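Note that ligands are numbered from 1 as they come in the structure, with each ligand's atoms numbered from 1 the same way. Source: prediction; values computed, not measured.
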Amino acid sequence: MKKILTLAAAIAALATTTSAQDVQLVIHPDQAQNVIPKEIYGQFAEHLGRCIYGGIWVGKDSDIPNIEGYRKDVFEALKELEVPVMRWPGGCFADEYHWMDGIGPQENRPRMVNTNWGGTVEDNSFGTHEFLNLCEMLGTEPYISGNVGSGSVEEMAKWVEYMNSDTNSTMAELRRKNGREKPWNVKYFGVGNESWGCGGNMHVEYYADLYRRYNTYARNYGSNRLFRIASGANAGDAHWTEVCMKKIGAGNMNGLSVHYYAVRDWGTMNDPITGIPMGKKGSALIYSNQEYYEIVSQALKIEDVVKRHMQVMDKYDPRKRVGLMVDEWGTWFNVEPGTNPGWLYQQSTMRDAVIAAASLNIFHKYTDRIRMANIAQVVNVLQSMVLTNEKNPKDACIVTPTYYVFKMYKKHKEATFIPADLTCENIQVNDKEQVPVMTTTQSIKDNVITVTLTNLDVAKEHTAMVSIDGKQITAAAGEILTTKDVHAYNDFGKGDNVKTAPYEVAKKNLKNGKMTVSVPAHSIVNLTLTTK
Ligand code: AHR
């Protein structure tokens, strides 16, 4: 039975320290079934603002330290993260991108206006080779988004051939001439992006037919098999999913995407120069407790969104052949003051970290259908992993609190998800919405159980009593991501304010095979358990 704690009561409890065990978590290893695919921890890199230029790519001649043109500190941070998959070149940009502009000698590459994102002039110096070589160097699987909105079938077909053919065809020879002998064997391929919006403003019936046509000519080369991803719904639009499942059919696609952002209020005002909605999304750094809960509540709604789509997919594809690909998700706030509104640059606090953990906890539960998720975006855009300094680009990059969450969740990568029963209080956000004080996730790999507890309560520590069916917990240790002030963030030249620290469950907190774990307000505790 869930109790309700009002927001006022939660705030009043600010000074309260460890409560009695007010959260119960019972873990059921006997019910473990699905392996958590590593692709759940995927990233997204778009030609948007300073994600590519100034973020990932500075060019070989830059005086900023770089490896073959890739910004060295950013490269190293991503290498350490072990990014499993990265989506590129967009986003909205993908449906205006003409890949042939981004190959061959840099000085010959045409310039285009990035009309979606601030009207910036794109010089195409980062193209197919630069992206796919980066993925290779990082050990990351590339995920290419093809252009359906403004590109031709022929253009898409040739791109696939250029990347994947090992023959002596003109496209394969052109790739060789441009310095790459062997094909990259790209696997993940998206046929369009947000085709209901920036990707062509299509009706779903029209898109479904276009998908079938474009997809036909995106050929498999050699033994490589494309994993074909259809452009999916905006948030909870189940009709889009219904028509795609019916008209495209499970035999013609491997994945269907969905995009969901945690936004308080998209707003109606547009930026006078770029036309981009300014919105009332709120500041990434300055927020009240009420605003904190509102955005957390928005983020948690992703569970209802994926459930809606999965229900429709189950109807047409009970064998779950088609994966639901959450290939854009994360928080979206107003841009940092003084930055280009079209560049979507936002800072990231402990609030973002809590939201990232709670979202991953949700994805873990549905990996029988969810095969991939790509947080938006990897560097300098929206809920990023890494930030570089626009004013002083030579400053070392910083990693965000969300970066630490992704690092912590490496423990769950390709482990088997274990269901559990969680009992805890709820906090009332407004007339209609509540958020639980805690969300958790559990997994097992090589007989080792990992439990992650995320305290969503902005003001109060909560203590969980954790037990495992048929097992005794004898020791537990791991790490914690916590800060005194939820608004804490990492800033240039100031060292990491927000970073993980070791966490060990004291012997006195282990009794009769159960453990009690205190999780401070707005914190994440990640524990590896020793059991018998
Ligand atoms: O991630 C920013 C933008 O959000 C993407 O370009 C688009 O697909 C979505 O609307």
Side-chain angles (χ1 to χ4, degrees), residues 42-53 55-56 86-97 112-120 122 131 143-151 188 190-202 207 229-237 240 255-263 265-267 270-271 274-279 281 284 298-299 302 305 325-336 339-346 348 352 355-356 359 372-387 400 402:
Q43 299 290 335
F44 170 34
E46 181 166 9
H47 288 239
L48 194 179
R50 295 184 301 112
C51 181
I52 302 293
Y53 303 109
I56 291 172
M86 186 141 53
R87 182 170 178 252
W88 174 86
C92 295
F93 181 78
D95 280 289
E96 278 197 276
Y97 182 61
M112 67 176 279
V113 181
N114 190 336
T115 48
N116 283 291
W117 305 118
T120 315
E122 159 71 53
F131 176 66
Y143 168 8
I144 298 282
S145 267
N147 179 349
V148 172
S150 70
Y188 294 109
V191 181
N193 167 75
E194 296 197 350
S195 303
W196 42 263
C198 62
N201 281 305
M202 301 176 202
Y207 169 71
I229 301 165
S231 165
N234 179 21
D237 178 3
W240 186 279
L256 177 61
S257 72
V258 60
H259 292 176
Y260 180 82
Y261 286 97
V263 181
D265 182 348
W266 286 102
N270 289 349
D271 178 77
T274 60
I276 290 172
M278 297 288 286
K281 303 184 196 80
Q298 283 303 110
I302 201 168
V305 167
M325 323 294 276
V326 190
D327 60 18
E328 287 186 30
W329 68 274
T331 57
W332 192 323
F333 299 113
N334 290 343
V335 297
E336 291 308 322
T339 65
N340 185 329
W343 288 7
L344 310 187
Y345 175 79
Q346 68 190 40
S348 194
D352 296 83
I355 287 174
S359 306
M372 188 192 287
N374 307 72
I375 191 168
Q377 299 192 6
V378 66
V379 187
N380 289 334
V381 173
L382 301 175
Q383 191 174 355
S384 305
M385 303 294 119
V386 186
L387 300 175
T400 63
T402 303

Legend entry - A235 backbone acceptor or donor facing W240 side chain under 3.5 Å: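 No, the answer is negative, given that no donor and acceptor are paired below the 3.5 Å cut-off.
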Any side-chain heavy atom of [X] within less than 4.5 Å of one from [Y]?
X	Y	value
T400	L387	yes
F93	N114	yes
Q43	I375	yes
V148	M202	yes
I144	W88	yes

Could you identify the single nearest non-hydrogen protein atom to [atom] and state the distance to 0.1 Å?
atom	answer
atom 8 (O) of ligand 1	E328 OE2, 2.7 Å
atom 1 (O) of ligand 1	Y261 OH, 2.7 Å
atom 6 (O) of ligand 1	E46 OE1, 2.6 Å

Inset, instruction - Would you check whether C92 has a nitrogen or oxygen atom less than 3.5 angstrom from a nitrogen or oxygen atom of ligand 1? - result: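 Yes, there is a polar N/O contact under 3.5 Å.
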Legend entry - L382 to T331 - nearest heavy-atom pair and separation: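 Minimum heavy-atom separation between L382 and T331: CB-O, 3.9 Å.
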Against heavy atoms of [X], which atoms of ligand 1 measure under 4.0 Å?
X	answer
F44	1 (O)
W332	4 (O)
E194	7 (C), 8 (O), 9 (C), 10 (O)
Q377	1 (O), 2 (C)

Could you see which bit of [X] sits under 4.0 Å from ligand 1, with heavy atoms only: side chain, backbone, both or neither?
X	result
N193	side chain
N116	neither
W329	neither

Inset, instruction - Give a yes/no verdict on whether any heavy atom in F93 is under 4.0 Å from an atom of ligand 1. - result: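 False for this residue.
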Inset, instruction - Can you measure from CD (Q377) to CD1 (I56) and round to the nearest 0.5 angstrom? - result: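 Answer for the CD-CD1 pair, Q377 versus I56, is 9.0 Å.
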